[in-house]
Amino acid sequence: METVRRRVPFRFVEDEDGSDNESSILDDDQQEALVSKLRAENAQTNETYTRIVQAFIILSTFLILSSPLNATAQIIPYPSFFALIGLLSNVNLFLLITPLFSNGLVPLAYPTNYMLSLVAPTLCLFVADAPWASVAWWSIPVVMVCISHIIQDAMETGSQSIEELEATKYFSPGA
């Protein structure tokens, strides 16, 4: 009997302040209900994050479309070409964050998207006497890629955490 190890069950704490006043052992149905509740909350949060990123992408697209009219954007050669690259970057971000619209299209990975969106601000840095406003203007696609990448990583981390929690469920027929 000395070699038998006591199993420490999963304990769920109801208090929001984290105090361990009253812990309870969850049975199978309670565990499933908790995981389902967390999965639904995670799906709602992911939907909210997706909508926010889509709104930022749309706003960024309007800014990029106005770049041929913007005096700060005219510092670099071929501003229309770089505006087109920014638009394509935004379309790619939209496909990455919303895979339902891809329809078989395979969006570029984030590293490629970073490289393409960094060309215009880098060129702007090397142009003689380029004002910082121009560098900031052409950095809008880079910022959008960063925001999208960070939020998508957060959404994937939340989903992975739910899967890990589901993997730690235990079976307790008598609890």
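Because only heavy atoms are used, hydrogens play no part in the values below, and waters and symmetry mates are left out as well, while side chains stay in.
Once rounded to the nearest 0.5 Å, the distance linking CG of Leu34 with CD of Glu166 reads 11.0 Å. Put simply, CG on Leu108 and CG on Leu95 are 9.5 Å apart, with the number rounded to the nearest 0.5 Å. Rounded to the nearest 0.5 angstrom, Ile52 CD1 and Ile57 CD1 are separated by 12.0 Å. Between the CG atom of Leu165 and the CG atom of Asn42 there is a distance of 11.0 Å, given to the nearest 0.5 Å. Considering CG of Asn90 and CD1 of Ile64, their distance stands at 4.0 Å, rounded to 0.5 Å. Taking CD1 of Ile162 as the start and CD of Glu41 as the end, the distance is 8.0 Å to the nearest 0.5 Å.
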- Message: Walk me through whether Phe94 and Val53 qualify under side chain to side chain contact (heavy atoms under 4.5 Å, CB included).
- Response: CA-CA 8 Å; Phe94 199 82; Val53 171; over 6 Å; no

- Query: Can you check side chain to side chain contact (heavy atoms under 4.5 Å, CB included) on Val135 and Cys124, steps first, answer last?
  - Reply: CA-CA 6 Å; Val135 176; Cys124 196; 3.9 Å; yes

- Does the pair Ser159 and Asn46 meet the rule for a side chain to side chain contact (heavy atoms under 4.5 Å, CB included), with working shown? CA-CA 9 Å; Ser159 298; Asn46 287 351; 3.7 Å; yes

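Note on Leu88: it does not cluster hydrophobically with Leu93, by side-chain heavy-atom contacts below 4.5 Å among ILVMFWY residues. In this structure, Met115 is not a member of the same hydrophobic cluster as Tyr110, with clusters built from ILVMFWY side-chain heavy atoms closer than 4.5 Å. Taken together through direct or relayed side-chain contacts under 4.5 Å among Ile, Leu, Val, Met, Phe, Trp and Tyr, Val145 and Val143 form part of one hydrophobic cluster. Put simply, Ile140 and Tyr78 are part of the same group of oily side chains (I, L, V, M, F, W, Y) that touch within less than 4.5 Å, one to the next.
By the side chain to side chain donor-acceptor pair (under 3.5 Å) test, Glu156 is found to be paired with no residue, residues two or more places apart in sequence or in another chain being considered. Partners of Tyr49 by ring-ring contact (aromatic ring centres under 6.0 Å, His included), not counting sequence neighbours: none found.
Nearest heavy-atom pair across Ile97 and Gln152 is CD1-CB, 4.0 Å.
In this structure, Leu123 and Pro77 have side chains that are in contact, with non-hydrogen atoms separated by less than 4.5 Å. Residues Thr61 and Leu87 have side chains in contact (heavy-atom distance under 4.5 Å, counting atoms from C-beta outward). Between Ser89 and Leu116, every side-chain heavy-atom pair lies at or beyond the 4.5 Å cut-off. For the pair Met155/Thr45, no side-chain contact is recorded, criterion being any heavy-atom separation below 4.5 Å from C-beta on.
Within 6.0 Å of the CZ atom in Phe56, the count of heavy atoms belonging to other residues, nucleotides or ligands does not exceed 12.
Between Phe82 and Trp138, the two ring planes are perpendicular [angle over 60°; tilted spans 30° to 60°].
Formation of a donor-acceptor pair under 3.5 Å by the Ser148 side chain with backbone atoms of Met144 is not found in this model.
Under the 4.5 angstrom side-chain criterion for Ile, Leu, Val, Met, Phe, Trp and Tyr, the cluster partners of Leu118 are Val142.
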